[in-house]
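Quantities reported herein were computed from a predicted structural model and do not represent experimental measurements.
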Amino acid sequence: MASPKLKESLPLYKTLANALAQRIYEGDWAVGSHLPSEAVLCKSFTASRHTLRHALQTLERDGMVLRRQGAPTQVISRRKVRRFTQSFNSPVDILSYPRNTYRQNTIEEFIELDKPLSEMIGDAVGSSWYHIGAIRKQRDTEEVIAWTDIYILPQFASLTSEPEHSQVMVFEQIEKKYGTRIDRAEVDVYAIDVSTDIAKKLGLKVHAPCLVIVRRYFDNQDKLFEVTFTYHPHNKYTYKMEFKSDTGN
């Protein structure tokens with residue numbers, strides 16, 4: 001079957017994800033089989049590797065494929081799994097803190113991404129970003145709650161001089177001051193043994209357990225403009241969520 005050219009009415013990754021899902025549903029790739037290589041799919045759909053990987057992430061989130069590093073992408077279902085949704089009134093709800101906390105910057109610097117940072121942030125080696133390193137504290141006790149590494153595009157660097165900077169989420173300041181609006185956000189949550197550097201910043205023992213929350217914000221052109229890595233000591237932060245089935249059952 002010939003692969004269709006991608007339409008532009010939706011973001012390219014969504015269009016590609018829909019096209020791949022349709023091919024899976026129609027049986028072009030059977031459950032248990034593997035999708036063609038990234039190179040083959042990129043050529044077939046005239047898509048970039050970045051767009052393809054984003055589309056495959058969407059299929060994985062929908063429960064249709066399984067991806068493992070170093071292995072081909074495997075088809076595990078012809079249909080999207082039953083999904084549960086969580087409603088947010090604002091991106092602030094993705095990760096909120098009590099009003100009696102504040103962020104204290106200890107690092108403010110222009111940087112160019114080396115290879116490790118490029119892989120972490122998801123932008124090209126050598127690209128320019130502005131790095132804010134900050135401790136979040138409880139205002140009345142000065143207790144350290146978290147360490148945050150915030151990476152924003154260089155044109156937003158002056159927001160650190162704003163009077164409300166220590167109190168307001170950075171993406172909110174970007175929206176207010178520069179007019180760049182969030183179209184979508186990605187959130188990753190995982191646990192690590194804390195590194196020597198982060199342990200020192202948080203007053204922890206090296207290899208102590210730590211919860212990491214990574215947030216990536218994209219504008220309406222699907223351009224990444226902020227990436228935040230927040231490190232929480234295991235006993236200092238709880239995040240609660242409530243989900244509702246989208247089927248209404």
Side-chain angles (χ1 to χ4, degrees), residues 11 13 48-51 53-54 57 88 90-97 101-137 144-192 194-202 210-233 236-237 239:
Y13 80 92
S48 69
R49 194 172 294 268
H50 173 77
T51 299
R53 288 178 177 174
H54 197 173
Q57 287 176 358
F88 294 108
S90 161
V92 175
D93 296 336
I94 296 173
L95 178 60
S96 57
Y97 293 97
T101 69
Y102 70 99
R103 188 179 56 250
Q104 179 180 5
N105 293 357
T106 63
I107 301 172
E108 296 180 10
E109 60 182 359
F110 290 96
I111 62 170
E112 289 187 355
L113 301 187
D114 56 17
K115 186 174 181 180
L117 273 178
S118 170
E119 293 174 351
M120 286 178 60
I121 292 175
D123 201 5
V125 172
S127 59
S128 298
W129 287 75
Y130 192 70
H131 173 215
I132 302 169
I135 294 173
R136 182 169 289 277
K137 294 182 178 181
V144 174
I145 297 173
W147 171 264
T148 301
D149 285 305
I150 304 167
Y151 299 90
I152 57 178
L153 295 180
Q155 60 263 37
F156 304 141
S158 64
L159 61 78
T160 58
S161 62
E162 294 295 315
E164 62 180 6
H165 176 66
S166 66
Q167 290 284 78
V168 180
M169 300 287 280
V170 169
F171 75 82
E172 290 184 274
Q173 297 175 59
I174 291 174
E175 288 188 329
K176 180 179 179 180
K177 184 172 182 177
Y178 301 98
T180 298
R181 310 292 296 181
I182 294 173
D183 183 69
R184 67 181 181 89
E186 297 177 349
V187 181
D188 296 325
V189 182
Y190 55 88
I192 61 169
V194 70
S195 67
T196 301
D197 180 53
I198 299 298
K200 183 177 180 180
K201 291 178 169 66
L202 292 175
C210 187
L211 179 70
V212 184
I213 300 180
V214 183
R215 291 166 290 149
R216 291 181 170 85
Y217 298 117
F218 299 80
D219 64 17
N220 59 5
Q221 301 299 315
D222 210 37
K223 180 177 177 59
L224 181 67
F225 68 87
E226 180 186 339
V227 182
T228 301
F229 299 84
T230 306
Y231 302 83
H232 300 273
K236 296 289 181 68
Y237 184 77
Y239 182 49

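Nearest heavy atoms, D188 versus R216: OD2-NH1, 3.3 Å. Contact between H165 and I132 at its shortest, heavy atoms only, is CE1-CD1, 4.2 Å. Listed here is the closest heavy atom pair of W147 and A134: CE3-O, 3.2 Å. When every heavy atom of S118 is checked against every heavy atom of V125, the shortest pair comes out as OG-N, 3.5 Å. Closest of all the heavy-atom pairs between L224 and W129 is O-CH2, 3.8 Å. Between P233 and A146, the shortest heavy-atom contact is CD-CA, 4.5 Å.
Between the side chains of E226 and T228, at least one donor-acceptor pair of N or O atoms lies under 3.5 Å. For the residue pair S161/S158, the side-chain donor-acceptor check at 3.5 Å is not satisfied. Side chains of T101 and R136: a donor-acceptor N/O pair is present below 3.5 angstrom, by distance only.
For the pair R49/R53, a side-chain contact is recorded, criterion being any heavy-atom separation below 4.5 Å from C-beta on. Residues E175 and I182 meet the side-chain proximity criterion, which asks for heavy atoms closer than 4.5 Å. F171 is not listed as a side-chain neighbour of I152, based on a closest heavy-atom distance of 4.5 Å or more. You'll find the side chain of R215 stays beyond 4.5 Å of the side chain of V227, heavy atoms only. A heavy-atom distance below 4.5 Å is not found between the side chains of V214 and V187. Residues V170 and L159 have side chains in contact (heavy-atom distance under 4.5 Å, counting atoms from C-beta outward). Using a 4.5 Å cut-off on side-chain heavy atoms (C-beta onward), Q104 and Y102 make contact. Taking 4.5 Å as the limit, some side-chain heavy atom of F218 sits within range of a side-chain heavy atom of E186.
Rounded to the nearest 0.5 angstrom, I111 CD1 and Y130 OH are separated by 11.0 Å. Here the CD atom belonging to E108 is positioned 10.0 Å from the CD1 atom belonging to I150, to the nearest 0.5 angstrom. Distance check: C210 SG to I192 CD1 gives 5.0 Å after rounding to the nearest 0.5 Å. Here D114 contributes atom CG and M120 contributes atom CE; the two are 10.0 Å apart, rounded to the nearest 0.5 Å.
A donor-acceptor distance shorter than 3.5 angstrom exists from the side chain of D219 to the backbone of Q221, with no hydrogens or angles considered. A donor-acceptor pair under 3.5 Å is formed between the side chain of R103 and the backbone N or O of V168.
Within 6.0 Å of the NZ atom in K200, the count of heavy atoms belonging to other residues, nucleotides or ligands does not exceed 12.
Taking the six-membered ring where the residue is Trp, Y151 and H131 present parallel rings, their angle staying beneath 30° rather than reaching 60°.
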**Q.** Chi angles and distances behind the side-chain contact (heavy atoms from CB on, under 4.5 Å) call for D149, Y231
**A.** CA-CA 9 Å; D149 285 305; Y231 302 83; 3.9 Å; yes
Q: Take K176 and E164 through the salt bridge (Lys or Arg N to Asp or Glu O under 4.0 Å) test and state the conclusion after the steps.
A: CA-CA 11 Å; K176 180 179 179 180; E164 62 180 6; 3.7 Å; yes
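Between Y178 and F156, the gap from one ring centroid to the other is short of 6.0 Å.
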